[in-house]
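First up is the structure itself, then whatever we jot down about it.
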Amino acid sequence: MKTIITACSQNLSGSRASLPTALRTLLAVPWPSQRDVRAWLQLLAVLQWVLSFLLLGTVSLLLLVYLVFTSFWPISALYLAWVIFDWDTPEQGGRRLPCLRRWPVWRHFRDYFPVKLVKTHELSPSHNYIIGSHPHGILCVGAFCNFVTGSTGFAEMFPGIRPSLTTLAGNFRLPLFREYLMSGGLCPVTRRAIGYLLSKNGTGNAVAIVIGGAAESLSCRPGITTLILKNRKGFVRMALQHGAYLVPSFSFGENDLFRQVVFEEGSWMRSIQQRFQKMMGFAPCVFYGRGLTSVRSRGFLPYARPITTVVGEPVTVPKIEDPSHETVDMYHEMYVRSLLKLFNENKTKYGLSEADELRIV
């Protein structure tokens, strides 16, 4: 762009400058290639997503509080009345907008990494499912791209299945951000919200839960795959209570998107992170990615690393309204075995070595 401006300035200045000469010089300047344009579109698609998740809720809240003290206070009052009226909607199936899943921006978002979805078994629309999404990573890029957007072809691979990704319930208390989340089909990771989708919304529902949650993000680092799963059994109990099949999924490459400063267990910084996570529901990670202007600079954008999400074989689960601890443990063990099988069968295909192991704590 600077070259174009310089060329125009040089040819339009002086008494002998002529418009035809300026136009010829302008046309001779090399324009950005299609590849460069695509790269910038992909970068901007990722930027808007990161900013939406990190800032949209907080900025909207601060803006509405500010408007209270101005002549525009009715805007805040009307939105507060709307939130009160609409308070239970996130836990009653939400308010998804199919057009948002088909938003062209998500194709650029997908191609930036790129993100790929792999199907290994059929999912029948006559059943409901709980999909366990692993690992959490920093921002759950693989889960969002596959289960919220339609860019990776989930609807075509699994016809008749409606995916719903769960996230922290506190996110649905933030103004405007709650509307953004619901429009994409996200719902709170609460018993009430999940139970509604599995019992009052017919069949063909697939509720995706990032089992490790915020605690797992503290152990996220490239080259090491640690899952917090051993004592996470609530999702198995809910599957049994509603007769929903359990489906493991694993996003290879999720942990490679950011670099994180990982504090050792027992350190005072780790204890602060864990206490904050217990109080607020999410963990304050110290991480960095690439910058906006260069891959070599540091910033908050994820690195462009391939993510391949493999959806495994469903574990058949009976409907038991009040399952015993032994029954929950048995199906939890079956799920872990299915997840380990999925990981071991696919790890060498998607960037890991035969020696890499899945560590479950």
Report summary line: Here the gap from Asn171 atom CG to Cys187 atom SG, rounded to the nearest 0.5 Å, amounts to 12.0 Å
Query raised in the report: For Arg359 and Val361, what are the C-alpha separation, side-chain angles and deciding distance, and is it a side-chain contact (heavy atoms from CB on, under 4.5 Å)?
Result: CA-CA 7 Å; Arg359 181 169 172 257; Val361 296; 3.8 Å; yes
Requested in this report: Determine whether Thr348 and Ser353 make a side-chain contact, defined as any pair of heavy atoms from C-beta on separated by less than 4.5 Å.
Outcome: no
Query raised in the report: With ILVMFWY side chains joined below 4.5 Å, transitively, what does Tyr288's cluster contain besides itself?
Result: Tyr303
Report summary line: For Leu301 and Gly291 the tightest heavy-atom approach is CD1-O, 4.1 Å
Report task. Please work out whether the ring planes of Trp82 and Phe85 are parallel, tilted or perpendicular, with thresholds of 30° and 60°. Result -> tilted
Report summary line: Output for pair (Arg305 CZ, Asn255 CG), nearest 0.5 Å, gives 13.0 Å
Query raised in the report: How close do His332 and Leu229 get, heavy atom to heavy atom, and via which atoms?
Result: NE2-O, 2.9 Å
Report task. Using salt bridge (Lys or Arg N to Asp or Glu O under 4.0 Å) as the criterion, list what pairs up with Lys349, not counting sequence neighbours. Result -> none
Query - Donor-acceptor contact below 3.5 Å, side chain Ser133 vs main chain Ala143 - result: no
Query raised in the report: Please walk me through it: do Ser338 and Met334 pass side-chain contact (heavy atoms from CB on, under 4.5 Å)?
Result: CA-CA 6 Å; Ser338 181; Met334 291 171 62; over 6 Å; no
Report task. Supply the atom-to-atom distance Ile194 CD1 to Gln241 CD, rounded to the nearest 0.5 angstrom. Result -> 11.0 Å
Side-chain atoms of residues 58-73: list all donor-acceptor pairs with protein atoms under 3.5 Å, sequence neighbours left out, distances to 0.1 Å.
unit_1 : atom_1 : unit_2 : atom_2 : d
Ser60  : OG     : Leu56  : O      : 2.7
Thr70  : OG1    : Leu67  : O      : 2.9
Thr70  : OG1    : Phe72  : N      : 3.2

Query - Backbone of Pro323 reached by a side-chain donor or acceptor of Arg237 within 3.5 Å - result: yes
Query - Co-membership, hydrophobic cluster, residues Phe144 and Leu47, 4.5 Å side-chain - result: yes
Requested in this report: Evaluate the side-chain proximity of Val210 to Thr166: yes if any heavy-atom separation is below 4.5 Å, no if none is.
Outcome: no
Query raised in the report: Would you say Val141 and Leu51 are hydrophobically clustered, going by side-chain heavy atoms of ILVMFWY under 4.5 Å?
Result: yes
Report task. For residues Leu246 and Phe235, determine if any side-chain heavy atom of one lies less than 4.5 Å from a side-chain heavy atom of the other. Result -> yes
Requested in this report: For the residue pair Leu123 and Tyr129, establish whether any side-chain heavy-atom pair is separated by less than 4.5 Å.
Outcome: yes
Requested in this report: Step by step, work out the side-chain contact (heavy atoms from CB on, under 4.5 Å) result for Lys341 and Val336.
Outcome: CA-CA 9 Å; Lys341 178 183 176 183; Val336 172; over 6 Å; no
Query raised in the report: Could you give all pairs that pass the salt bridge (charged side-chain N to carboxylate O under 4.0 Å, His left out) test and reach residues 322-336, with sequence neighbours left out?
Result: Lys233-Asp329, Glu333-Arg337
Requested in this report: Sort and list the pairs that fulfil side-chain hydrogen bond (donor to acceptor under 3.5 Å, both in side chains) and have at least one residue in residues 114-126, not counting sequence neighbours.
Outcome: Lys119-Glu122, Ser124-Ser126
For residues 38-46, please give each side-chain donor-acceptor pair under 3.5 Å, one per line with the distance, not counting sequence neighbours.
none

Report task. For Thr190 and Ala169, work out which heavy atoms get closest and say how close. Result -> CG2-CB, 3.9 Å
Report task. Would you sort out whether Glu179 and Arg95 count as a salt bridge (Lys or Arg N to Asp or Glu O under 4.0 Å), showing the intermediate values? Result -> CA-CA 8 Å; Glu179 323 299 339; Arg95 187 170 47 249; 2.9 Å; yes
Query raised in the report: What residue pairs, at least two apart or across chains, pass side-chain hydrogen bond (donor to acceptor under 3.5 Å, both in side chains) with a residue in residues 147-157?
Result: Asn146-Thr152, Thr149-Ser151
Query raised in the report: Rounded to the nearest 0.5 Å, what separation is found between the CG atom of Leu181 and the OG1 atom of Thr167?
Result: 6.5 Å
Report summary line: Minimal heavy-atom distance between Gly132 and Ile211, with the atoms involved, is CA-CG1, 4.0 Å
Considering only distance and modelled atom types, tabulate donor-acceptor pairs under 3.5 Å from the side chains of residues 310-321, sequence neighbours left out.
none

Requested in this report: Flag the pair Pro306 / Asp256 as yes when at least one side-chain heavy-atom distance between them is below 4.5 Å, and no otherwise.
Outcome: no
Query raised in the report: Applying the 4.5 Å side-chain criterion to the ILVMFWY set and letting contacts propagate, would Ile161 and Tyr196 be lumped into a single cluster?
Result: no
Report task. With the side chain counted from C-beta on, respond yes when Val118 and Thr309 share a heavy-atom pair under 4.5 Å apart, and no when they do not. Result -> no
Report task. Quick one: list whatever passes salt bridge (Lys or Arg N to Asp or Glu O under 4.0 Å) with Arg192, sequence neighbours left out. Result -> Asp88, Glu91
Side-chain donor-acceptor pairs of residues 96-105 under 3.5 Å, sequence neighbours excluded:
unit_1 : atom_1 : unit_2 : atom_2 : d
Arg96  : NH1    : Pro163 : O      : 3.3
Arg96  : NH2    : Pro163 : O      : 2.9
Arg96  : NH2    : Ser164 : OG     : 2.7
Arg101 : NH1    : Phe147 : O      : 3.3
Arg101 : NH1    : Val148 : O      : 2.7

Query raised in the report: Is there side-chain contact between Leu352 and Phe343, with at least one heavy-atom pair below 4.5 Å?
Result: yes
Query raised in the report: Which pairs pass side-chain hydrogen bond (donor to acceptor under 3.5 Å, both in side chains) with one or both residues in residues 197-211, sequence neighbours excluded?
Result: Asn128-Asn205, Arg162-Asn205, Asn201-Asn205
Query raised in the report: How close do Pro302 and Val50 get, heavy atom to heavy atom, and via which atoms?
Result: CD-CG2, 4.0 Å
Query raised in the report: Do you know which two heavy atoms are closest between Ala193 and Pro188, and how far apart they sit?
Result: CB-O, 3.3 Å
Query raised in the report: Does Tyr79 reach the main-chain N or O of Leu176 with its side chain, forming a donor-acceptor pair under 3.5 Å?
Result: yes
**Report entry** Sidechain-backbone polar pair: Arg178 side chain, Phe172 backbone, donor-acceptor under 3.5 Å
**Finding:** yes
Requested in this report: Would you please classify the geometry between the Phe252 ring and the Phe250 ring as parallel, tilted or perpendicular, with 30° and 60° separating the classes?
Outcome: tilted
Query raised in the report: Does a side-chain heavy-atom distance below 4.5 Å link Tyr335 with Pro248?
Result: yes
Report summary line: Interatomic distance, CG@Leu358 vs OG1@Thr225, rounded to 0.5 Å, equals 6.5 Å
Report summary line: Applying salt bridge (Lys or Arg N to Asp or Glu O under 4.0 Å) to Asp111 and not counting sequence neighbours gives none
Query raised in the report: Counting only heavy atoms not in Gln92, do more than 12 fall under 6.0 Å of its CD?
Result: yes
Report task. Kindly compute the distance separating NE2 (His134) from CD1 (Ile131), expressed to the nearest 0.5 Å. Result -> 11.0 Å
Query raised in the report: Quick check: does any side chain N or O of Arg290 sit under 3.5 Å from a backbone N or O of Ser297, one acting as donor and the other as acceptor?
Result: no
Query raised in the report: Hey, any chance Leu174 and Ile75 share a hydrophobic cluster, counting ILVMFWY side chains that come within less than 4.5 Å of each other, even indirectly?
Result: no
Query raised in the report: Do Phe177 and Leu80 belong together in a cluster built from hydrophobic side chains that touch within less than 4.5 Å?
Result: no
Query raised in the report: Is there a donor-acceptor pair closer than 3.5 Å between any side-chain N or O of His136 and the backbone N or O of Glu254?
Result: no
Query - Geometric class of the Trp49/Phe53 ring pair [parallel <30°, tilted 30-60°, perpendicular >60°] - result: tilted
